[in-house]
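These notes are about the structure you will find just below.
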Amino acid sequence: MDLTADPLAERLRRVLVSGLTPVADDDPEQLWPVLLDYEALAFEAPSSAGGYGLGVTTGVVVSRELGCRALPDLYTGTAMAVDAISSSGDPRGMAASLVGGKCPVVLAGMDALPTPRLTARPVAGGYELAGKVPVDSTVPAMAGCCFPVAADDSVLLVMLTPEALAPVVSTGPTGLPMVQLDGVTIGDDEIVGSLGTGVPLSDPDGILSRARIRQAAYLLGLAAGAQALAVGHASGRRQFGRPVIEFQSIGFTLARSAIDLRAVHLSIERAAWLADTGAPDPLAAVQALAFSAETAMTVIRAATQIHGAAGLTRTSAMHRYYLAARRHTTSWASPARLWCEAGARRLTTT
Amino acid sequence: MDLTADPLAERLRRVLVSGLTPVADDDPEQLWPVLLDYEALAFEAPSSAGGYGLGVTTGVVVSRELGCRALPDLYTGTAMAVDAISSSGDPRGMAASLVGGKCPVVLAGMDALPTPRLTARPVAGGYELAGKVPVDSTVPAMAGCCFPVAADDSVLLVMLTPEALAPVVSTGPTGLPMVQLDGVTIGDDEIVGSLGTGVPLSDPDGILSRARIRQAAYLLGLAAGAQALAVGHASGRRQFGRPVIEFQSIGFTLARSAIDLRAVHLSIERAAWLADTGAPDPLAAVQALAFSAETAMTVIRAATQIHGAAGLTRTSAMHRYYLAARRHTTSWASPARLWCEAGARRLTTT
Amino acid sequence: MDFGRTERDEKLRTLVADALVDPRVRDALAAVLADPRPEPDVRALYRELGRHRLLASHWPVEYGGLGASHTEAATVITELVAAGVPDMQQVLSVQIVGAFLLAAGSDEQKQRFLPAMAAGERFATVLYTEPGVGSDLASIEATAERDGEDFLLSGVKVYGLKSRMSDLALCAVRTGTGTSRYDGITLFLIDLTADGVTRSNLPTMADEQFDRVELDRVRVGPGAIVGAEGDGWPLLVQCLALERTGLDYSLRARRWYETALAGLDPDETDSALLAGVGRCGAHVDAASLMTSAVLSRMDRQVTDEVMAAMAKYITSETAQQVAVWATEVHGFGYGLRSLSPDDAAVLEAGYREAAGVTLAAGTSQIMLEIVSGSIAAAGSSQEAWPWT
Amino acid sequence: MDFGRTERDEKLRTLVADALVDPRVRDALAAVLADPRPEPDVRALYRELGRHRLLASHWPVEYGGLGASHTEAATVITELVAAGVPDMQQVLSVQIVGAFLLAAGSDEQKQRFLPAMAAGERFATVLYTEPGVGSDLASIEATAERDGEDFLLSGVKVYGLKSRMSDLALCAVRTGTGTSRYDGITLFLIDLTADGVTRSNLPTMADEQFDRVELDRVRVGPGAIVGAEGDGWPLLVQCLALERTGLDYSLRARRWYETALAGLDPDETDSALLAGVGRCGAHVDAASLMTSAVLSRMDRQVTDEVMAAMAKYITSETAQQVAVWATEVHGFGYGLRSLSPDDAAVLEAGYREAAGVTLAAGTSQIMLEIVSGSIAAAGSSQEAWPWT
């Protein structure tokens, strides 16, 4: 066992940082070319898709770094699509085209797993879909979308191109874009993978587990970014005659956050290592995600509180983390539901 | 609405304090006569049982004060037995005999509600019992015992006298006394009340709700007693040149405990007031108990931590609260299970 | 303790119910609810409620109230909020500045301002903090320059609310220096339309926007001082206690909780979810009770800074917790269960507002400082049960 | 990062497995497990393990070890604990005092003591704190009076463990005064059987009893000093970091967690319970990883006080949390579900022990102080991700 930092991952991270630093907040149109220029999609993509096959461990670096800056997550969805397509052989070269920059892919409807709200009924030449699902409001118009559907007793992953998506997107009640799929028919080509059957899902190809690890890394990044802002604020700000970080109520809160962040980080690295050195361990993956999501909300709330009123204003970077926390800690189901799955997996594997 | 302190309750409390102060720790044999001398059992007992009928609000005072000193809880069980017996008319004067000092009654098996682990099968002239149940190790040999049994579709409350109990008590695996009831037959007289049917239990006579309010008060007392010890310790103890209470990590912890204790106290008072001015509100009662149990464990753990190593020794009063917390936060089911019941009651009543 | 409703409570509830069916109130409320802006203008609605003496029902009749008790007035506000009336400007104008004037204003100030405030004809807000000051109000730097009998006030005040819709502001400035940083602070009631006052917006993530108010040699007369010159600090401390009943936060906690429940199935059997429903509900109920306990003391003329800090702490922390819990329960975009679009919008705005509730009117840290300070002062001499 | 087992790990596991079937080890372990006393005497068992070089496997071969790495030695201890070997006296003698001597002892001290300690022939413990001192070790008052070349040590040391079963103790006393309270502290390795040493018990609620050790003019020679006279404080700080791997607490957390699971039905569907199983399990796993991260750094000769404080904090807090959670899951008397009597006894003792884990070897507050101090020192100059 050697849990010191991995030099390759650190090198990739530094390269990526140099690309991401100038990217404006919340501008996916500016972000996507940077991810392509720095080959971020290629780190973990298999060689059959034009990638370097460095494993989900390097995908973790990408997701985390996007989270750190509260940038839109154009990676987790695209990587999941590439992963799913590649694991079914990819006769049409779709994975390579995604890695090459065809379009980013975002995810939707993962929060209802293991029971998708979308259903797919077999019809001649494909499936007819039913249901609707909200997507992240920060995703760009040029993105494709991947979502799970219930078909018979298994859960399949569907991918729609930006072109197919455009006519079925509207604005939902809380301002989020809503994908309305009632009556939409898709061909077999749009089915890009399977998440398996049962409760919890069997995840035969490890697609779900690897995606959860990336999502966990994105959340870890969000929390770490918020923590960095809070440390900066608390070090610079003086109240009652001293830097506020010297008050135990602030300093200890930051210390607890730092400890939890490190614990989450190790949990994610372990899940990624297991996925890269054998089949993914679904328990390790789901608990890394639950732990990361729960910690992200706690750390980001604490960081917001430490910022005081200034952090609530739209001129402070802090508010972006607070708003992102809500989207990203729930987009893969709440921590409570994920903990439940982890518990069920634990009891059956112990 | 007037949520300032009730002078009658405060007067009763002060009277009781004068009686309880000299009672040695953990000595139920010394405690019982004091409770009788100060008529603690009579405060809330109905006049038919020789009591003053002052309501469960005054029972709360007694339970809480016993908890505060981490004295054995000889009240909650006895009062529940008196309550149950009285609400079924008490043709044989058993309630009056209990209020008069026949014997304290302790409770057992409440942690498995709404599904008792003990069952009662009707036989000629009564019931045959099956199952076993642990009881609190601090109860005296002279105590009777009340426990719930499943009979057909309803849950009945059984009371055994000290004499009936003696032959069926042994020592369980973790050192607690165990009441072994397989094959024991009881007459109808031993059935002292009904907790009703269903999940959550219907509690037709309010016996369960009132008992939960007393138990909540005992737990509140335990927590408040531990808090008082911690405040005393943190005020007196100096480290790094000042009283440790001046460190925010200690001072804020005590402040949070104080706030939670007050919130729990008001929740209990409200549940008691509802019970005394109409039928008990089962939601108010169960949430008061869950809140009190959860808070007690948190407050007592924090108080133990504040005491440092000295609090772990058997010469410090602190350790008695820590050990009592385990017994009393679980004897009426864990907070998690009680919260669940509260949630179910909330959704059906909203 | 008495948790029941008094006859007067019932009478006041009837008054509220009657007012809400008064066509003028009904129309004004409908206009506010239909207003698509994140921060609708409530002044017309408040004037209608003022006509019914419901804006400041606990004020003496001579000042436009009904002479109700504090607990009874809370019933009125609770009912109004339940009907959809936004409470923020009432909180600022009546519960904060009005309470301050009642406690510390001169007779002339009371007679001049209170009836208009109770009528919803004039609105007041507070200008306390400044950039870089935060909760440490003793470090304010706004100044008052003497000019004959008058003062010329200068400085920048931030993070206030509703200045753009208010006429008056209670403003803390430094008129002198003393042996301690708590000396030399003076409170002025200033006219927000006066020359030298520039009001602008500090956009926040919540629907309520912060104000930035710049004072550039704003002339005020000696009659604008509340209390005595240089004596602002103790007044401020006392009046912050008066405003920290937690009523506004406990109403938010309850509204968000009940909204979240509206999207749940009563036959729900997921015990993790039910446990959350049970726990949050108990906390919401307890937070309301903490507020009622503070109001009960105020009804007996007791201002208890520590109990107020406890109530502010628990109500705001509970409200924030409920808003976060609702995101978990209802999932991404509040779309996981059967929540109506209106309810989803309430929770969505609630989450954005929730970040601020543990900061406004004194941060949670300040509240804990007050409570722990009182515990330290009481120390080991206390009985086991000192805070009942 | 590499989370896998090395070939050497596997070899060490084989050595442990072989040792455990060695009849002498097996009998000694059986005797310990059958011992009805709360604190069985493990010395005979440790001597047998010492014969297999498993007590201090990471020490150099010349001192009785196997030259294993720190992570590998943790594997050995983990396997031994899994087989039921109590680890407390190994922690004290090898992981704490032994590590201290390895790092700071003279060659003579190392050669004289380490082989005997690795062999389980001699046992050592620590005598740091005193009545009223607690975590503030710089306030110790035990004194050393010079007597020629020798010192006469006097004072009262409390809250130590295993003094009655140990031969040696690392003892902190004040040999001088300096400009700061951290000056003038000296560490002595003393003989617990010497004249003037009185060992007694401070009964605790846990199975492990505290010691009270009174020193009354205990004569020690200059060779008993570890490090230099008066230089004890920096050594103590450094060596506390060495002992704070959290290994012992992470093993307790795991043992209690797995014991609690043993009484659960794999077909359990109560989601509140399952969520607890999932959350506790993740925390237990993460706590182990934090320990492994500290050990990995030690394998690279890096002693990281902050990482050690993090590991001590999270492992002990997790262990306590698991012990409390087990009381909820298994209910009153641990009798709610199908837990075996032996497992119930483990959890019962675990709860009593759990109160102490967040206090021993530096309280959780001290750990947070170390971590927050490092954050404040790094301040805003750091990158977003400074603790990887």
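First the proteins, then the strands, lettered A, B, ... as listed; each starts at 1.
- Using a 4.5 Å heavy-atom threshold, the side chains of B:Q248 and C:Q365 count as separate.
- Neither the backbone nor the side chain of B:R69 has a heavy atom closer than 4.5 Å to any heavy atom of chain C.
- In this structure, B:W339 and C:H283 have perpendicular ring planes: the angle between them is above 60°, well past the 30° mark.
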Q: Determine, step by step, whether C:D2 and B:T277 satisfy the side-chain contact (heavy atoms from CB on, under 4.5 Å) criterion, reporting the C-alpha distance in whole Å, the side-chain angles of both residues, the deciding distance to 0.1 Å, and the verdict.
A: CA-CA 10 Å; C:D2 181 355; B:T277 56; over 6 Å; no

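- The part of B:F291 that comes within reach of chain C is its side chain, from C-beta onward, which places non-hydrogen atoms under 4.5 angstrom from that chain.
- The shortest side-chain heavy-atom distance between C:V371 and B:R262 does not fall under the 4.5 Å cut-off.
- Within the 4.5 angstrom heavy-atom criterion, only side-chain atoms of B:E294, from C-beta onward, approach chain C.
- Contact of the B:D2 side chain with the C:R300 side chain is registered, since non-hydrogen atoms from C-beta on lie closer than 4.5 Å.
- A distance of 7.5 Å separates CE of C:M1 from OG1 of B:T4, quoted to the nearest 0.5 Å.
- Using a 4.5 Å cut-off between heavy atoms, B:L3 contacts chain C through both its backbone and its side chain.
- Atom OG1 of residue B:T348 and atom CD of residue C:E268 lie 12.5 Å apart, to the nearest 0.5 angstrom.
- Minimum heavy-atom separation, C:L274 to B:C340: CB-O, 3.7 Å.
- Of the atoms belonging to B:E246, not a single heavy atom falls under 4.5 Å from chain C.
- Other residues, nucleotides and ligands contribute more than 12 heavy atoms inside 6.0 Å of the CZ atom of B:R301.
- Residue B:A336 touches chain C through its backbone alone, counting heavy-atom pairs closer than 4.5 Å.
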